[in-house]
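Everything on this sheet refers to the single structure shown next.
On a predicted model such as this, the values are computed, not experimentally measured, just so you know. Throughout, protein chains are lettered first and strands after them, A, B, ... in sequence-line order, and every chain is numbered starting at 1.
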Protein chains: 2
Amino acid sequence: MRRTKQEAEETRLAIMSKALELFSEKGIAATSLSEIASGAGVTRGAIYWHFKNKWDLFDAIWQHYCEPIDRLGQASHDEDETDPLGKLAELLKLILINAEQDVDFRRMLIMCMRETSIWSGEVPERIEAFIDEIHQRRIRTLRNAMRKGQLPDTLDAEAGSLMIKVMIEGVIVSWLQRPQCFSIAERADQIVDSILVVLRHGVRLPGS
Amino acid sequence: MRRTKQEAEETRLAIMSKALELFSEKGIAATSLSEIASGAGVTRGAIYWHFKNKWDLFDAIWQHYCEPIDRLGQASHDEDETDPLGKLAELLKLILINAEQDVDFRRMLIMCMRETSIWSGEVPERIEAFIDEIHQRRIRTLRNAMRKGQLPDTLDAEAGSLMIKVMIEGVIVSWLQRPQCFSIAERADQIVDSILVVLRHGVRLPGS
DNA sequence: GTTTACATACATGCGCGTCTGTATGTAAAC
DNA sequence: GTTTACATACAGACGCGCATGTATGTAAAC
């Protein structure tokens, strides 16, 4: 039966929220629409009313939850930025803090890490494009920082970007395995300082 | 129709070999018996003739392919071993070389890494027990090496064992991503030397 | 009265385990 | 050596549960 427009929108958001939760816990492929529906307190019919199929649901989640994450990364790779390294450090701290304290942010992060793992199958295009865009932004930031003398010329920007990714993800994975043992948010400063130390020593890719 | 005993055994081995190949490529859960069967040139009926179910097939694979791997690790953790660190180094080199050059060994390794990844679901008991057994052996070896003055007392054996695992797996994953860019087997000496350097500096777990 | 926002029913495909049928190996009887 | 009886090693079909997408029913909003 028909609901109010507000109720319908609440249903839509509940579906997306539960889907994101389950996608991050089990992966997109291994999550069934039935469990999303029952978790959101509706039936599969409601999902199909609001979304064309599972991938349309994923797209909607992406649009809804990704924009704040995207916005986080805007400032630091601008070429006019006078303190690119400082901005990058702020960004990395914010990512770490949000990873621990913002549930939706964390779930998006985990879903992306899961879907891009070496052991996963085909990476959804949107996720792949996003990860690549973020990687390019980091490269630009690192190059900007090198031009401004903040980082040594011996730094390979691509290697540096990968190193940042690996270290941030490594910390988040470690925390996911034992969340009661330490707090990322409390140690965000230290963690980011460690990354900066590594960058200042210059990083190169094996074989380059 | 009936085959000779030899042919039947060949069918059984073909099924196991193809299953191991696909388990390592896609994971156990995501591999269907149909694709194993067609890959081995038989039907699912033949699989059910030889094995009770998918997990019986997995058990048979484990028994068939795991014994040589198990044998690899026997020597180095014996308490009477006079050069535990040397033996450990030999073992690690052998693992790296076999990872590149022995297809079955590599597939078993990849299957285990895949099934024990943080993103995977429930770990098969046999794999979990095996990984834990190997971990305990490394701990015993490291403690033995410390008693013999080969490694510093500041080394936390458990952390050292985990570090070894992470570094070996990291190298293998990197190689899997770009096998034409470098050879693990050729660099086995260097890689193992790097691990020994880290161990000699002493390793502790975060928070300990 | 029409449209909407669902719930429910239906159709289809996939994967698994079970069952049946078939051709052939093998050993024993003749 | 030939024939027979039985067992074996499969191929292929069946039934079931699960998941997805589509069609239809229903009550309430508009």
Side-chain angles (χ1 to χ4, degrees), chain A residues 1-62 64 111 114-115 120-122 124, chain B residues 1-62 64 111 114-115 120-122 124:
Chain A
M1 67 184 186
R2 196 174 171 180
R3 272 81 171 186
T4 63
K5 289 193 173 189
Q6 174 171 348
E7 284 171 334
E9 182 61 20
E10 284 166 5
T11 298
R12 186 170 179 273
L13 292 176
I15 292 169
M16 290 202 296
S17 175
K18 176 57 68 174
L20 175 59
E21 177 188 339
L22 295 175
F23 287 167
S24 73
E25 282 173 16
K26 318 163 82 158
I28 297 169
T31 301
S32 73
L33 293 179
S34 290
E35 54 189 328
I36 295 171
S38 63
V42 299
T43 67
R44 290 194 301 110
I47 298 185
Y48 282 104
W49 172 261
H50 289 279
F51 310 101
K52 186 176 172 224
N53 52 36
K54 189 191 269 194
W55 287 108
D56 191 43
L57 170 56
F58 168 75
D59 286 343
I61 287 169
W62 195 263
H64 186 82
M111 180 176 75
R114 180 186 277 280
E115 299 293 327
S120 82
E122 193 175 341
Chain B
M1 69 183 187
R2 196 175 172 182
R3 271 81 169 186
T4 62
K5 290 191 173 188
Q6 175 170 346
E7 283 171 335
E9 182 59 22
E10 284 167 7
T11 299
R12 186 170 178 273
L13 292 175
I15 292 168
M16 290 202 294
S17 175
K18 177 57 68 174
L20 176 59
E21 177 186 340
L22 295 176
F23 286 168
S24 72
E25 283 173 15
K26 317 162 81 156
I28 298 169
T31 300
S32 74
L33 293 181
S34 290
E35 54 190 329
I36 295 171
S38 65
V42 299
T43 66
R44 290 196 301 109
I47 297 185
Y48 283 104
W49 172 262
H50 288 280
F51 309 101
K52 187 176 169 222
N53 51 37
K54 189 191 268 193
W55 288 107
D56 191 43
L57 170 57
F58 169 75
D59 286 344
I61 288 170
W62 195 263
H64 186 83
M111 181 177 74
R114 179 186 278 279
E115 298 292 327
S120 80
E122 192 176 340

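- Shown here for B/Ala40 and B/Ala14, the closest heavy-atom pair between the two residues is CB-O, 3.9 Å.
- Identified under the salt bridge (Lys or Arg N to Asp or Glu O under 4.0 Å) test for residues 30-51 of chain B, with sequence neighbours left out: B/Lys26-B/Glu35.
- Here C/dT4 presents its P atom at 19 Å from CD of A/Gln6, a figure rounded to the nearest Å.
- Residues passing the salt bridge (Lys or Arg N to Asp or Glu O under 4.0 Å) test with A/Asp59 are A/Arg126, sequence neighbours excluded.
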Walk along nucleotides 6-15 of chain C from 5' to 3' and tag each nucleotide B, S or - by protein heavy-atom contact under 4.0 Å, base first, then sugar-phosphate. BBB------S
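- One can place CG of B/Asn53 at 8 Å from P of C/dT18, the figure rounded to the nearest angstrom.
- Distance CD/B/Glu21 to CD1/B/Ile61: 11.0 Å, rounded to 0.5 Å.
- Scanning all heavy atoms of the two residues, the minimum distance from A/Pro124 to A/Ile28 falls at CG-CD1, 4.3 Å.
- We find that OH of B/Tyr48 is positioned 13 Å from C1' of D/dG15, with the value rounded to whole Å.
- The minimum heavy-atom distance between A/Thr11 and A/Val42, with the atom names listed, is CG2-CG1, 3.8 Å.
- Terminal axes of the helix from C/dG1-D/dC30 to C/dC30-D/dG1 (five pairs each, C1' rotation axis) are separated by 20°, to the nearest 10°.
- In plain terms, the two heavy atoms of B/Asn53 and B/Tyr48 that are nearest each other are CA-CE2, 4.1 Å.
- Smallest separation of non-hydrogen atoms from A/Leu57 and A/Leu33: CD2-CD2, 4.3 Å.
- Regarding A/Ile36, its CD1 atom lies at a distance of 11 Å from the P atom of D/dA19, rounded to whole Å.
- Qualifying salt bridge (Lys or Arg N to Asp or Glu O under 4.0 Å) partners for A/Lys54, counting only residues two or more places apart in sequence or in other chains: none.
- Here the P atom of nucleotide D/dT20 and the CD1 atom of A/Ile47 are 9 Å apart, to the nearest Å.
- Spacing between atom CG of A/Asp56 and atom P of D/dT20 amounts to 15 Å, rounded to whole angstrom units.
- Atom CD1 of A/Ile28 and atom P of D/dA19 are 17 Å apart (whole Å).
- In this structure, B/Trp62 and B/Phe58 have tilted ring planes: the angle between them lies in the 30° to 60° band.
- Closest approach of A/Arg114 and A/Phe23 over heavy atoms only: CD-O, 3.8 Å.
- DNA chain D is contacted by no residue of residues 13-25 of chain B, taking any non-hydrogen atom closer than 4.0 Å.
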